[in-house]
Novice: 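Okay, handing you the structure first.
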Amino acid sequence: MCGIVAAAAQRDVAPLLIAGLKALEYRGYDSAGLAVLEGGEVHRVRAKGKVREMESLYLSNPFPGGTGIAHTRWATHGVPNEANAHPHMIGRITLVHNGIIENYAPLRAQLQAKGYHFTSETDTEVMAALIDQNLSGGRGLREAVLATVRDLEGAYAIAVISSEEPGRVVGARRGAPLLVGLGIGENFLGSDAQALVQVTNRIIYLEDDDVVEITREGAQIYTLDGKPAHRGVHESELSADAVERGEYRHYMQKEIFEQPHAVANTLETRISAAGVLPNIFGAGGDELLAKVKGVHIVACGTSYHAGMVAKYWLEDYARLPVNVEVASEYRYRETVVPPGTLFIAISQSGETADTLAAMRESRRRGYLGTLAICNVPESSVTREADLKLMTHAGPEIGVASTKAFTTQLAALALLTLHLAKQQGLDEERYRDLTEQLLRLPRTLEEALKLEPQVIELAERFVHRHHALFLGRGEHYPVALEGSLKLKEISYIHAEAYPAGELKHGPLALVDEDMPVIAVAPNGPLLDKLKSNLQEVRARGGELIVFADTNAHIDGNATRGAVLRIDAGGDFISPVVLTIPLQLLAYHVAVLRGTDVDQPRNLAKSVTVE
Ligand code: G6P
């Protein structure tokens with residue numbers, strides 16, 4: 001997945017395109033490029049690496065022009081280098097593309113036979129050549145794009161200019177996001193609203209198979225059969241400062257510290273001291289949920305870990321059977337769907353290709369309905385679900401997800417309470433869980449005060465190559481999330497296990513060079529966990545324990561450290577104990593000098609399979 005921005009304006013657009021690309025780097029940062037059309041001539045600049053590399057090349061040799069397209073790449077076909085960087089130019093066509101064209105190999109062979117010469121390994125160049133070929137026979141750019149996309153298999157969002165049609169950009173999407181930004185006397189395309197926040201808040205979300213033509217004067221949308229289509233205009237609520245880093249060193253650090261506020265936003269207007277309020281899942285939500293007899297949760301990455309926590313919660317408190325599965329597995333196998341099963345998709349971006357495809361696939365499998373837990377309004381997942389619970393975390397820029405995770409947990413906690421009440425959870429327990437959840441923002445605030453101690457701890461990890469994370473029950477997914485954070489941004493190999501599994505294999509790895517990080521809430525499993533920790537101690541392993549303030553763990557008996565943290569109660573404790581693990585990963589990465597916000601090889605929004 002890559003990021004796209006395009007503009008048709010009177011002013012010079014290269015600086016606007018570069019600013020837009022910087023907001024889209026979460027989608028990939030292997031290479032960047034832009035092309036501007038001026039007086040029938042196309043000027044292009046491309047560079048391997050981040051947008052700023054391309055920007056400094058551009059600034060050393062700037063060019064004017066009011067029509068342009070730009071791209072930041074996450075490599076799929078072809079290594080990250082300048083030749084494979086977008087925009088690609090063939091004949092009269094210059095094009096940027098996000099997605100994967102599955103039938104590009106036969107198309108490439110056909111085009112080569114007709115004399116097209118390719119200079120990159122990408123599927124994108126094939127698309128550019130096809131459009132150029134389709135320009136013949138008196139077709140204009142829009143007709144040529146329409147004719148081309150009808151022949152394509154796979155997923156794409158594109159923006160295209162033709163040297164023969166000044167002042168015009170044509171875009172198209174299928175299975176990858178693209179939207180139109182409406183300015184005054186200028187119009188834009190972008191992969192998301194964040195990319196355009198500097199220029200406009202008036203957004204049109206395109207649908208799959210839409211083709212759009214933008215000029216300075218306006219935007220016209222067409223369906224695949226070439227008929228004009230009407231799509232509504234939305235006012236985006238994003239503000240430019242929501243995506244500023246402020247006083248923080250990295251976006252990730254800012255987002256970690258935003259969590260009390262973000263979680264408060266998730267809970268706002270949805271829960272009071274009496275419990276979860278009615279109708280928080282959208283129109284018809286409460287009626288549909290009243291029929292739920294079981295739940296299937298599908299997600300990827302960090303969102304999948306949130307789903308795993310929810311399984312423990314929903315089974316414990318609502319006594320409903322729950323399956324959780326990664327989307328890339330779910331979509332390609334046959335699941336058994338008992339009557340009355342609710343399908344839940346969890347996604348920060350709402351554009352993750354596997355999650356979206358799984359949700360579409362679920363339609364065929366006979367669920368009671370679909371619920372999206374998502375951070376981005378108007379994303380594909382949100383729009384296609386029957387019910388939605390937005391997390392309201394605000395834009396998350398750091399590739400390693402932090403506030404998206406804890407707000408997903410807050411949303412899932414609301415769902416748990418709603419279903420638990422409906423399933424007859426004891427009133428006193430319901431009140432206790434409600435109180436815990438209402439206290440969550442304040443408890444998170446306190447947990448963040450642990451940062452100085454975590455910084456000290458982080459020093460021990462700087463030269464490590466491996467780490468083991470342990471947790472039990474609903475804290476096992478917390479351990480998984482902690483290990484994912486550490487590997488994503490510090491590049492230290494980390495694994496997580498349910499603590500009881502330690503003796504079935506991973507214990508063989510424990511020696512004085514293997515730090516073992518355990519999450520120790522107070523509760524019925526504490527003694528069991530303590531025995532597991534003894535197994536580590538006995539092998540000379542270094543133990544780092546994040547323990548609830550009232551969990552009795554003997555710090556002195558440990559080679560390592562015990563850090564105390566008020567976990568806020570058995571219900572919210574997985575959310576709270578996530579905080580020190582995020583801080584640990586962050587500070588280890590800072591000490592190791594990695595690119596914290598944009599770790600190598602990763603991207604924030606994965607809109608390819
Ligand atoms: C990518 C990101 C992860 C994220 C996952 C799922 O891998 O790097 O941080 O958890 O996608 O993304 P979603 O937007 O669906 O939550």
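Predicted, not measured: the structure shown is a model, and the values here were computed from it. Whatever order the structure lists ligands and atoms in, that order sets their numbers, starting from 1. All values below were derived from every heavy atom in this structure, side-chain atoms included, with hydrogens, water molecules and symmetry-related copies excluded. All residue numbers in this chain count up from 1 along the given sequence.
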Novice: For the residue pair R46 / S31, report whether a side-chain donor-acceptor contact shorter than 3.5 Å exists.
Specialist: no
Novice: If you measure every N/O of T355 against every N/O of ligand 1, is any gap under 3.5 Å?
Specialist: no
Novice: Record the part of E351 in heavy-atom contact with ligand 1 below 4.0 Å; permitted values are side chain, backbone, both and neither.
Specialist: neither
Novice: Determine the sole option in Q253, Q259, E481 for which the side-chain hydrogen bond (donor to acceptor under 3.5 Å, both in side chains) test with Q582 is passed.
Specialist: Q259
Novice: Answer with yes or no whether the side chains of H250 and E255 bring together a donor and an acceptor at under 3.5 Å.
Specialist: no
Novice: Does one side chain, of H475 or S573, offer a donor that lies under 3.5 Å from an acceptor on the other?
Specialist: yes
Novice: Show which atoms of ligand 1 fall inside a sub-4.0 Å distance from at least one heavy-atom site of S347.
Specialist: 13 (P), 14 (O), 15 (O), 16 (O)
Novice: May I ask whether V606 places a heavy atom under 4.0 Å from ligand 1?
Specialist: yes
Novice: Considering non-hydrogen atoms of the protein only, which is the closest contact for atom 5 (C) of ligand 1, and what is the distance?
Specialist: C300 O, 4.0 Å
Novice: For atom 2 (C) of ligand 1, what's the nearest protein heavy-atom neighbour? Residue, atom name and distance, please.
Specialist: K604 O, 3.2 Å
Novice: Could a heavy atom of A404 be found less than 4.0 Å from some atom of ligand 1?
Specialist: no
Novice: Quick check, are the ring centers of F571 and Y317 under 6.0 angstrom apart?
Specialist: yes
Novice: Could you tell me if R600 sits above the aromatic ring of Y491, with its cationic atom closer than 6.0 Å to the ring centre and no more than 45 degrees from the axis?
Specialist: yes
Novice: Within ligand 1, which atoms have a heavy atom of V399 less than 4.0 Å away?
Specialist: 8 (O), 9 (O)
Novice: Using distance alone, with no hydrogens and no angle criterion, decide if N84 and T122 have a side-chain donor and acceptor under 3.5 Å apart.
Specialist: no
Novice: Given S349, C374, A327, which has its nearest heavy atom closest to atom 14 (O) of ligand 1?
Specialist: S349
Novice: I'd like to check the salt bridge (charged side-chain N to carboxylate O under 4.0 Å, His left out) partners of R73; sequence neighbours left out, ordered by chain and number.
Specialist: none
Novice: What do you reckon, does Q408 have a nitrogen or oxygen under 3.5 Å from a nitrogen or oxygen of ligand 1?
Specialist: no
Novice: Looking only at distances, can you tell me whether any N or O atom of A603, backbone or side chain, sits closer than 3.5 Å to an N or O atom of ligand 1?
Specialist: yes
Novice: Give me the nearest non-hydrogen protein atom to atom 12 (O) of ligand 1 as residue plus atom name, then the distance to 0.1 Å.
Specialist: T352 OG1, 3.3 Å
Novice: Could you tell me, atom by atom, which parts of ligand 1 come under 4.0 Å of a heavy atom of T302?
Specialist: 10 (O)
Novice: Are the ring centres of Y330 and H296 closer than 6.0 Å?
Specialist: no
Novice: Quick one: which ligand 1 atoms are inside 4.0 Å of a heavy atom on S303?
Specialist: 10 (O), 13 (P), 16 (O)
Novice: Could you list the atoms of ligand 1 found under 4.0 angstrom from a heavy atom of Q348?
Specialist: 13 (P), 14 (O), 15 (O), 16 (O)
Novice: Pairing donors with acceptors under 3.5 angstrom, does anything connect the side chains of S401 and K485?
Specialist: no
